[in-house]
Amino acid sequence: MELPRPGEPLRHAERPDLQAPTGRDVLLDVHACGICRTDLHIVDGEVQASRYPVVPGHQIVATVLEAGPEAEIEAGARVGVPWLGWVDGTCRFCRSQRENLCLEGKFTGLDRDGGYAERAVADSRFVFPLPGGFSDLEVAPLLCGGLIGYRSYRFTGDAERLGLYGFGSSAHIIAQVAAWQGRRVFAFTSPGDAETQAFARSLGAKWAGGSDEAPPEPLDAAIIFAPVGPLVPAALRALDRGGVVVCAGIHMSDIPAFPYSELWEERTIRSVANLTRQDGMEFLNLAPQVPVRTTVTQYALENANTALDDLRHGRLEGSAVIMPPV
């Protein structure tokens with residue numbers, strides 16, 4: 001399924017030009033592809049692809065069919081393909097272990113065709129061996145909801161009281177990690193969404209309420225997964241002194257003005273951009289230890305537009321995953 005141009009629905013397309021992989025590339029047989037809110041931002045044009053049409057999808061679970069002569073993985077391997085698809089390795093960010101900020105970075109489902117497909121091509125340096133114990137359906141959400149969520153979570157330090165704003169794919173994964181590590185999780189949903197609040201409590205949240213509510217005690221950190229700018233000052237107001245608000249999304253609506261007093265006392269706001277391969281390796285090693293359990297709604301590949309619409313309108317609990325025909 002490809003996106004012809006921003007604002008249009010995905011359409012079915014044949015891609016007979018997928019040839020034997022060259023260099024470090026691998027040809028993949030796609031088993032599953034998780035759906036991410038970033039896919040919506042790409043479809044809507046809020047995040048611009050480098051070319052159109054483009055095949056979205058950056059949470060790919062696949063088997064390597066063929067490997068190029070310089071590939072770092074062999075045919076037959078079960079792998080995951082994340083958002084980060086290529087870096088130059090030479091810019092000042094790559095040289096300082098910040099490849100997520102690479103000046104020439106390319107991203108799966110944006111600059112490189114992604115996983116809303118039966119076949120895909122990826123650079124073997126940017127695929128991960130997948131842990132055992134997870135089905136294709138279960139592991140797909142870990143490849144962005146988990147990985148970007150984990151990078152965001154790392155920036156909360158040793159926060160004991162953690163707020164999660166927007167309880168979707170990422171938050172339902174990270175809540176489990178935080179609870180397993182002994183943190184206290186406070187989940188914020190759309191106002192009045194009692195069903196999602198109950199879901200959050202079932203995954204270890206000590207408190208769950210609407211984003212228009214104050215938590216019962218101050219937070220040491222908050223992660224904002226929802227792309228809603230007004231949540232930033234709301235989260236700031238919920239913080240204790242020295243707390244941090246981490247903005248996890250690639251796109252967010254404008255942040256409204258707020259008084260300096262809400263930032264004072266060494267509160268911090270920071271964004272998270274993309275991920276590094278180190279993030280991926282750490283989280284995929286951690287997930288089986290928890291163990292993380294993903295709640296997933298499955299869609300057929302040809303129903304990708306329906307899946308995106310359900311995500312847009314909050315009709316999902318946990319994650320959504322596309323499954324190509326067998």
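Since this is a predicted model, take the numbers as computed values, not measurements.
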- Item | Cation-aromatic face contact R161/F186, 6.0 Å, 45 degrees |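 The answer is no, since R161 fails at least one limit relative to F186.
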
- Query: Is it true that the NZ or CZ of R293 lies under 6.0 Å from the centre of F134's six-membered ring and within 45 degrees of the ring axis?
  - Reply: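 Satisfied, under 6.0 Å and within 45°.
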
When rounded to the nearest 0.5 angstrom, what is the spacing between [atom1] in [X] and [atom2] in [Y]?
X    : Y    : atom1 : atom2 : answer
K106 : D88  : NZ    : CG    : 9.5 Å
L284 : Y150 : CG    : OH    : 10.5 Å
T156 : D220 : OG1   : CG    : 9.5 Å
T306 : R315 : OG1   : CZ    : 8.5 Å
L147 : E282 : CG    : CD    : 11.0 Å
E317 : S169 : CD    : OG    : 12.0 Å

Does a donor on one side chain sit under 3.5 Å from an acceptor on the other, for [X] and [Y]?
X    : Y    : result
T276 : D279 : yes
Y52  : E8   : no
S96  : R98  : yes
T189 : T196 : no

What I'd like to find out is whether the side chain of [X] reaches to under 4.5 Å of the side chain of [Y], using heavy atoms alone.
X    : Y    : result
I173 : P141 : yes
L219 : R184 : no
P21  : V26  : no
V54  : L110 : no
F283 : R151 : no
P6   : Q48  : yes
L137 : M323 : yes
F93  : E99  : no

Name each donor-acceptor pair under 3.5 Å that joins a side chain in residues 64-75 to protein atoms two or more places apart or in another chain, with its distance.
none

- Between D25 and R112, is the closest basic N to carboxylate O distance under 4.0 Å?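 The answer is yes: the pair qualifies as a salt bridge.
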
- Item | R183/I174 under side-chain contact (heavy atoms from CB on, under 4.5 Å): CA gap, chis, key distance, verdict | CA-CA 11 Å; R183 317 290 181 93; I174 295 306; over 6 Å; no

- Task: Evaluate salt bridge (charged side-chain N to carboxylate O under 4.0 Å, His left out) for D240 paired with R267, printing each intermediate quantity in order.
- Result: CA-CA 8 Å; D240 206 344; R267 296 174 180 88; 5.4 Å; no

Just distance, no hydrogens or angles: give the donor-acceptor pairs under 3.5 Å from side chains in residues 34-43, sequence neighbours left out.
residue	atom	partner	partner atom	Å
R37	NH2	L311	O	3.4
D39	OD1	H58	ND1	3.3
D39	OD2	C36	N	3.0
D39	OD2	Y116	OH	2.6
H41	ND1	E46	OE1	2.7

Does [X] share a hydrophobic cluster with [Y], counting links as ILVMFWY side-chain heavy atoms below 4.5 Å and allowing steps through other members?
X    : Y    : result
W207 : V245 : yes
L143 : I250 : yes
L231 : V244 : no
L162 : L239 : no
V185 : L286 : yes

- Query: Between L203 and H172, does a side-chain contact (heavy atoms from CB on, under 4.5 Å) hold up when you go through it step by step?
  - Reply: CA-CA 7 Å; L203 295 176; H172 99 283; 3.7 Å; yes

- Run the ring-centre check on W83 versus F126 and record whether the distance is less than 6.0 Å. no

Taking all non-hydrogen atoms of both residues, which atom of [X] and which atom of [Y] are closest, and how far apart?
X    : Y    : answer
A159 : A221 : CB-CB, 3.5 Å
P324 : I322 : CD-O, 3.9 Å
A320 : Y299 : CB-CE1, 3.8 Å
A238 : Y165 : CB-OH, 3.6 Å
A235 : I224 : CB-CD1, 4.1 Å
M1   : P56  : O-CD, 3.5 Å

- Item | Verdict with reasoning, C247 to R270, per side-chain contact (heavy atoms from CB on, under 4.5 Å) | CA-CA 6 Å; C247 301; R270 68 163 303 146; over 6 Å; no

Looking at [X], I'd like to know if its [atom1] atom is crowded, meaning that more than 12 non-hydrogen atoms belonging to other residues, nucleotides or ligands lie closer than 6.0 Å.
X    : atom1 : answer
R5   : CZ    : no
N285 : CG    : yes
R241 : CZ    : no

- Start with the C-alpha distance between T108 and L84, add both sets of side-chain angles, then the distance that settles side-chain contact (heavy atoms from CB on, under 4.5 Å), and finish with yes or no. CA-CA 6 Å; T108 310; L84 185 67; over 6 Å; no

- Evaluation steps, salt bridge (charged side-chain N to carboxylate O under 4.0 Å, His left out), between R51 and D111: CA-CA 7 Å; R51 58 170 173 80; D111 306 300; over 6 Å; no

- Does S253 use its side chain to pair, donor to acceptor, with the backbone of G229 at less than 3.5 Å?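 Present.
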
- Under 3.5 Å, side chain of E138 to main-chain N/O of S135, donor-acceptor pair present?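 Yes; judged by distance alone, with no hydrogens or angles, the pair exists.
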
